Undergrad: 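Sharing a structure with you now.
Here is how names work: the chains are called A, B, and so on, in the same order as the sequence lines, proteins then strands, and each is numbered from 1. Values in this document were obtained by computation on a predicted structure and should not be read as measured data.
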There are 2 protein chains.
Amino acid sequence: MTWSKNHPRQRYHHGNLREALINAALKLIGEKGPAGFTFAEAARSAGVSAAAPYRHFRDRDELMADVACRGFEQLAEGLETAWSAGAPDALAAFDRMGRAYLAFARAEPAYYAAMFESQVPPDASPELTKASDAAFEVLRHAAEAVCALMPATARPPALMVALHVWSVAHGIASLFGRGDMARRKLPMEPEELLEAAVLVYLQGLGLGPDR
Amino acid sequence: MTWSKNHPRQRYHHGNLREALINAALKLIGEKGPAGFTFAEAARSAGVSAAAPYRHFRDRDELMADVACRGFEQLAEGLETAWSAGAPDALAAFDRMGRAYLAFARAEPAYYAAMFESQVPPDASPELTKASDAAFEVLRHAAEAVCALMPATARPPALMVALHVWSVAHGIASLFGRGDMARRKLPMEPEELLEAAVLVYLQGLGLGPDR
DNA sequence: CGATGATGTAAGACCCGTTCACATGACCTG
DNA sequence: CAGGTCATGTGAACGGGTCTTACATCATCG
């Protein structure tokens, strides 16, 4: 039994190294942040030599970009679920989406870090650009439904609304939702802070819930 | 003249190494991002050995934190100047502050990166915490002046307003104001996007400019 | 069975962060 | 001015990381 360790790869070939590396990356990023994540350690954690990962990723950044890509896909899925076709009404669904964004940042810090804190440029790969655009598209679509509630004469551009909401949600998540500035003492939970911001903002657009 | 190079330090002691390292760090961060910045290269750029910086900073992170600290001081100064005692009126001054935030992110990418993208925890040093708090305090003070425009019966907490505005400004700066997601095609300049967001938001608070 | 291509390994070049013993020299003190 | 002291800088060395290159293994298919 001398060969038995945690995951004693006996076969020369791993069989599923690409996925194993991505999982290792996710675990490591979650534990030590995107900067602490190391190609070599991911390899070690998968039980292969330090050179093996280069058969599956051009370099460390490409792995990071792949993780970020999957993160955007998960985020899009989460937002889509929260929106759930705008039921029961667009405003309630919109609010759920905001919470879903913060929930994602909190529940998947590794994905979130890879997506936004890893220095990976958004155009690192076509897939990444596409995944990120797709996630935004979910929000944009919701914004369109919300804008449709307003009289056509005073209807703001849905794209602008989507950008505003994305920005404030991202700002809150970055500043207060996680490690970064999380130490700043908030008078409320990030979720409440975001909900209040969106409520005030929609009110400013003439979409008060009490009209 | 064999000893003449760029800045041929002839004296054994540099004389002002601390400042030289900080300047080198700023230049390098600006050129290659906070991740690309290297203690060794800063030392090289200052013309000293790789071990010399350790006489002035405990480690690389402490240098980064020092840069971030100066960044917050500069930001606070910029916001204070933009606010300029709330003249001619609080709303106009508030708008200037938002623009000043984005201007800072654009004009000082090295500082901005050290402050928000360098993985330096906000409590890395007491000075950093203090500088960051001071910058926020400027915004908070302005928010208080803006809230004072409203009837006391319908006055929102100034802290909340400050947090909302800081969040949306930071979100826009992070997502669209610089390298990160700057590639996303915006229908407007970040400054206009922020101004519109704040206008809608203040309107939602009952502070329409046309009342 | 034998060739071939995908996948993994070993070793090494090069860089970084960090430490340690030692060198230099600014400055103070007698 | 002599000598001591302390801050500051040097060189060498360690451990670890990225990435490349030459070689090993093995699944697959003619």
Undergrad: Run the side chain to side chain contact (heavy atoms under 4.5 Å, CB included) test on B:Leu79 and B:Phe136 for me, step by step, so that the C-alpha distance in whole Å, both residues' side-chain angles and the decisive distance to 0.1 Å come before the verdict.
TA: CA-CA 9 Å; B:Leu79 294 181; B:Phe136 180 72; over 6 Å; no

Undergrad: Apply side chain to side chain contact (heavy atoms under 4.5 Å, CB included) to A:Glu108 and A:Leu75, showing your working.
TA: CA-CA 9 Å; A:Glu108 302 286 356; A:Leu75 175 59; over 6 Å; no

Undergrad: Apply the test side chain to side chain contact (heavy atoms under 4.5 Å, CB included) to residues A:Val146 and A:Leu202: give CA-CA distance (whole Å), side-chain angles for both, the deciding distance (0.1 Å), then the verdict.
TA: CA-CA 9 Å; A:Val146 168; A:Leu202 292 179; 4.1 Å; yes

Undergrad: Show me the pairs that pass side chain to side chain donor-acceptor pair (under 3.5 Å) and involve residues 60-70 of chain B, at least two apart or across chains.
TA: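 Applying side chain to side chain donor-acceptor pair (under 3.5 Å) to every pair that reaches into residues 60-70 of chain B, excluding sequence neighbours, yields B:Arg18-B:Asp66, B:Glu19-B:Arg70, B:Arg58-B:Glu62, B:Asp66-B:Arg70.
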
Undergrad: Under the side chain to side chain donor-acceptor pair (under 3.5 Å) definition, can you give me all pairs with a residue in residues 134-144 of chain A, not counting sequence neighbours?
TA: A:Glu137-A:Arg140

Undergrad: Could you pull out all donor-acceptor pairs under 3.5 Å where a side-chain atom in residues 48-56 of chain A meets a protein atom, sequence neighbours excluded?
TA:
{"unit_1": "A:Ser49", "atom_1": "OG", "unit_2": "A:Ala51", "atom_2": "N", "d": "3.4"}

Undergrad: Which atom pairs link the protein and nucleotides 16-20 of chain D when you take only N or O atoms and keep those under 3.5 Å?
TA:
{"unit_1": "D:dG17", "atom_1": "OP2", "unit_2": "A:Arg44", "atom_2": "NH2", "d": "2.8"}
{"unit_1": "D:dT18", "atom_1": "OP1", "unit_2": "A:Phe39", "atom_2": "N", "d": "2.9"}
{"unit_1": "D:dT18", "atom_1": "OP2", "unit_2": "A:Ala40", "atom_2": "N", "d": "2.8"}
{"unit_1": "D:dC19", "atom_1": "OP2", "unit_2": "A:Tyr54", "atom_2": "OH", "d": "3.2"}
{"unit_1": "D:dC19", "atom_1": "OP2", "unit_2": "A:Arg60", "atom_2": "N", "d": "3.1"}

Undergrad: Is there a side chain to side chain contact (heavy atoms under 4.5 Å, CB included) between A:Tyr201 and A:Val168? Walk through the geometry before answering.
TA: CA-CA 10 Å; A:Tyr201 178 82; A:Val168 71; over 6 Å; no

Undergrad: Please write out each protein N/O paired with an N/O of nucleotides 5-8 of chain D under 3.5 Å, distance rounded to 0.1 Å.
TA:
{"unit_1": "D:dT8", "atom_1": "O2", "unit_2": "B:His13", "atom_2": "NE2", "d": "3.2"}

Undergrad: Could you work out, with side-chain hydrogen bond (donor to acceptor under 3.5 Å, both in side chains) as the rule, every residue matching A:Thr129, not counting sequence neighbours?
TA: none

Undergrad: Would you work out how much the helix from C:dC1-D:dG30 to C:dG30-D:dC1 bends between its ends, with each end axis defined by five base pairs, to 10 degrees?
TA: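 Helix axis angle between the two ends: 10°.
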
Undergrad: Reading DNA chain C 5' to 3', which nucleotide is the first, and which the last, to come under 4.0 Å of any heavy atom in chain B?
TA: C:dC16 to C:dG25

Undergrad: Restricting to pairs with a member in residues 73-97 of chain B, which pass salt bridge (Lys or Arg N to Asp or Glu O under 4.0 Å), not counting sequence neighbours?
TA: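 Checked against salt bridge (Lys or Arg N to Asp or Glu O under 4.0 Å) - neighbours excluded - the pairs reaching residues 73-97 of chain B are B:Asp95-B:Arg99.
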
Undergrad: Can you run down the side chain to side chain donor-acceptor pair (under 3.5 Å) pairs that involve residues 22-34 of chain B, sequence neighbours left out, and say none if there aren't any?
TA: B:Lys32-B:Glu41

Undergrad: Please name all residues satisfying side-chain hydrogen bond (donor to acceptor under 3.5 Å, both in side chains) with A:Glu189, sequence neighbours left out, ordered by chain then number.
TA: none

Undergrad: A:His170: what forms a side-chain hydrogen bond (donor to acceptor under 3.5 Å, both in side chains) with it, not counting sequence neighbours?
TA: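 A:His170 satisfies side-chain hydrogen bond (donor to acceptor under 3.5 Å, both in side chains) with A:Tyr101, A:Tyr112, A:Ser174 only.
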
